[in-house]
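Beneath this line is the structure, given in structure tokens, with notes to follow.
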Protein chains: 2
Amino acid sequence: MGHSKGNVVATAITLLDEYGLPGLSMRRLAATLGVQQSALYWHFESKQMLLAAMAEEILARGPRPSSSRAWDTEVTRRAVALRDALLAYRDGAELVSTVHAFGLGAEEPHRRLATSIESAGAAPPEARAAATVILHFVFGFTFSEQQHLQASSAGAIEGAPPSAAASRREAEPEPFRAGVALILDGIRARVPQQQRT
Amino acid sequence: MGHSKGNVVATAITLLDEYGLPGLSMRRLAATLGVQQSALYWHFESKQMLLAAMAEEILARGPRPSSSRAWDTEVTRRAVALRDALLAYRDGAELVSTVHAFGLGAEEPHRRLATSIESAGAAPPEARAAATVILHFVFGFTFSEQQHLQASSAGAIEGAPPSAAASRREAEPEPFRAGVALILDGIRARVPQQQRT
DNA sequence: ACCTGAACACCGTTCAAGT
DNA sequence: ACCTGAACACCGTTCAAGT
């Protein structure tokens with residue numbers, strides 16, 4: 001009866017988490033599914049399209065932040081939720097941010113951030129510009145963070161004291177919150193003052 | 001008499017500009033230099049190390065912004081200069097930002113930005129956090145921009161009206177300046193007010 | 001110090017053909 | 001609708017050996 005598209009994507013994400021992005025080959029994926037490599041090209045026109053579908057799925061599986069009446073709380077929660085979604089799978093940040101940069105999808109986070117920022121009283125173009133700043137910060141920060149996390153967990157047994165930090169950290173480090181807070185201050189400076197939160 | 005390291009890097013950058021990052025293979029580089037592939041591994045322990053050296057060279061070739069008494073002018077000029085450096089070669093933004101994320105170098109821009117921000121009166125840790133925000137914005141923005149530039153210049157003859165924009169644009173688009181300005185406002189909000197510029 | 005020759009263990013993609 | 005079989009045109013890296 002054959003594999004479905006969703007089926008293929010789910011298996012690909014499992015392999016991503018196990019072998020990382022460089023280890024995710026069409027051949028390995030096909031072997032895991034028990035088909036020939038060429039069969040994958042019936043489901044996806046290229047590996048890039050498969051990666052784009054994986055990025056969407058990883059985002060869809062991420063947490064959905066509870067909304068808030070305070071726009072800045074909401075924006076912060078969205079940034080934290082996005083970071084959590086990226087950290088949930090090995091090389092998640094690299095995958096999603098690359099798909100985004102190549103214009104192949106992963107646009108929901110930007111749209112949602114922009115909507116939350118508009119509720120602060122910003123005009124749509126300004127809200128989009130601010131959303132772009134936040135998005136690139138979250139992508140770049142989390143990409144770097146995930147690399148360092150994996151690099152240090154690679155030198156685990158043979159290396160420096162392993163420390164209490166697990167490879168898949170969820171709590172936000174101080175610099176992450178600080179970066180988001182800085183951008184929020186920038187937004188406040190450009191929006192009609194009305195309430196403090 | 002053999003090739004020098006700098007020689008190899010320079011040739012690699014030429015190939016990057018001509019074929020793009022996916023087209024830059026060790027085999028192609030070796031062939032262009034007139035040596036065997038294996039010879040490259042005498043100069044660089046891996047392709048990653050070659051890419052790191054290329055990133056440093058691309059940054060070193062970039063413009064050096066004139067300094068300014070006004071810290072915000074200086075930060076803006078550094079951001080613009082960094083973007084220009086990345087845009088100067090095909091896939092420059094992807095290359096440099098990836099090398100940076102993998103912790104293989106390309107740290108000068110961050111240090112320089114942090115220094116300029118400190119002169120606004122920010123404490124070093126705050127200045128570094130703000131520099132991180134700017135750096136990720138410039139990397140992410142320019143990466144996306146460069147992809148779109150190349151995608152549209154790929155569909156040149158056969159496509160929409162080519163427009164006046166060349167493939168290698170140097171003037172900053174409005175959203176780039178807007179993003180930098182937003183972050184500057186965020187910095188101003190966290191620093192003892194003294195002068196306006 | 002710098003490179004050759006040869007191999008190892010892989011890649012993404014296409015395409016005619018099958019059921 | 002979904003897959004096979006086979007091929008095409010590539011990859012990064014290692015290593016003994018040469019000069």
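Order of the sequence lines fixes the chain letters, A, B, ..., with proteins taken first and strands second; residue numbering starts at 1 for each chain.
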Could you state the atom-to-atom distance from [atom1] of [X] to [atom2] of [N] in whole Å?
{"X": "R28(A)", "N": "dG12(C)", "atom1": "CZ", "atom2": "P", "answer": "10 Å"}
{"X": "L29(A)", "N": "dC3(D)", "atom1": "CG", "atom2": "P", "answer": "12 Å"}
{"X": "N7(B)", "N": "dC2(C)", "atom1": "CG", "atom2": "P", "answer": "11 Å"}
{"X": "K5(B)", "N": "dC2(C)", "atom1": "NZ", "atom2": "C1'", "answer": "14 Å"}
{"X": "F44(B)", "N": "dC2(C)", "atom1": "CZ", "atom2": "P", "answer": "12 Å"}
{"X": "L50(B)", "N": "dC11(D)", "atom1": "CG", "atom2": "C1'", "answer": "15 Å"}
{"X": "L21(B)", "N": "dG12(D)", "atom1": "CG", "atom2": "P", "answer": "11 Å"}

[atom1] gap between [N] and [M], integer Å:
{"N": "dC10(C)", "M": "dA9(D)", "atom1": "P", "result": "23 Å"}
{"N": "dC2(D)", "M": "dA17(C)", "atom1": "C1'", "result": "13 Å"}
{"N": "dC3(D)", "M": "dT14(C)", "atom1": "C1'", "result": "15 Å"}

Quick one: does any side-chain atom of [X] pair with a main-chain N or O of [Y] as donor and acceptor, under 3.5 Å?
{"X": "E126(A)", "Y": "I187(A)", "result": "no"}
{"X": "E172(B)", "Y": "D84(B)", "result": "no"}
{"X": "E94(A)", "Y": "F143(A)", "result": "no"}

ask   = What distance separates Y19(A) OH from L29(A) CG, expressed to the nearest 0.5 Å?
value =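 These two atoms lie 11.5 Å from each other.
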
R111(A) atom CZ, over 12 foreign heavy atoms within 6.0 Å = yes

query = With side chains defined as the heavy atoms from C-beta onward, is the minimum distance between S46(A) and M49(A) less than 4.5 Å?
reply = yes

inquiry  = For F137(A) and H136(B), take the angle between the two ring planes, folded into 0 to 90°, and tell me which bin it lands in: parallel under 30, tilted 30 to 60, perpendicular over 60.
reply    =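 Tilted: the ring planes of F137(A) and H136(B) meet at 30° to 60°.
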
query = Of the nucleotides dG12(D), dC3(D), dC3(C), which one has an atom closest to the side chain of H43(B)?
reply =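 Looking only at heavy atoms from C-beta outward on H43(B), the closest nucleotide is dC3(C).
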
inquiry  = Let's see if you can work this out: which of dC3(C), dG12(C), dC2(D) has an atom nearest to the side-chain heavy atoms of M26(A)?
reply    =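 Looking only at side-chain atoms, M26(A) lies closest to dG12(C).
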
Find every protein N or O atom lying less than 3.5 Å from an N or O atom of nucleotides 4-8 of chain D, and list the pairs.
{"from": "dT4(D)", "atom 1": "OP2", "to": "Q36(A)", "atom 2": "N", "distance (Å)": "2.6"}
{"from": "dG5(D)", "atom 1": "O6", "to": "S38(A)", "atom 2": "OG", "distance (Å)": "2.6"}

remark   = Symbol by symbol from the 5' end, with Watson-Crick or G-U pairs under 3.5 Å, [ ] crossing and | another strand, DNA chain C is ||.|||||...|||||.||

key: Lys NZ or Arg CZ of R83(B) over F176(B) ring: under 6.0 Å, within 45°   =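 Because its charged atom sits under 6.0 Å from the ring centre and within 45° of the axis, R83(B) does stack over F176(B).
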
request  = Let me know, please, whether S4(B) or Y41(A) comes out on the 5' side of the other along DNA chain C by nearest nucleotide.
outcome  =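 The residue mapped nearer the 5' terminus is S4(B).
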
message = Using the ring centroid of each side chain, check whether F139(B) and F139(A) are separated by less than 6.0 Å.
response = no

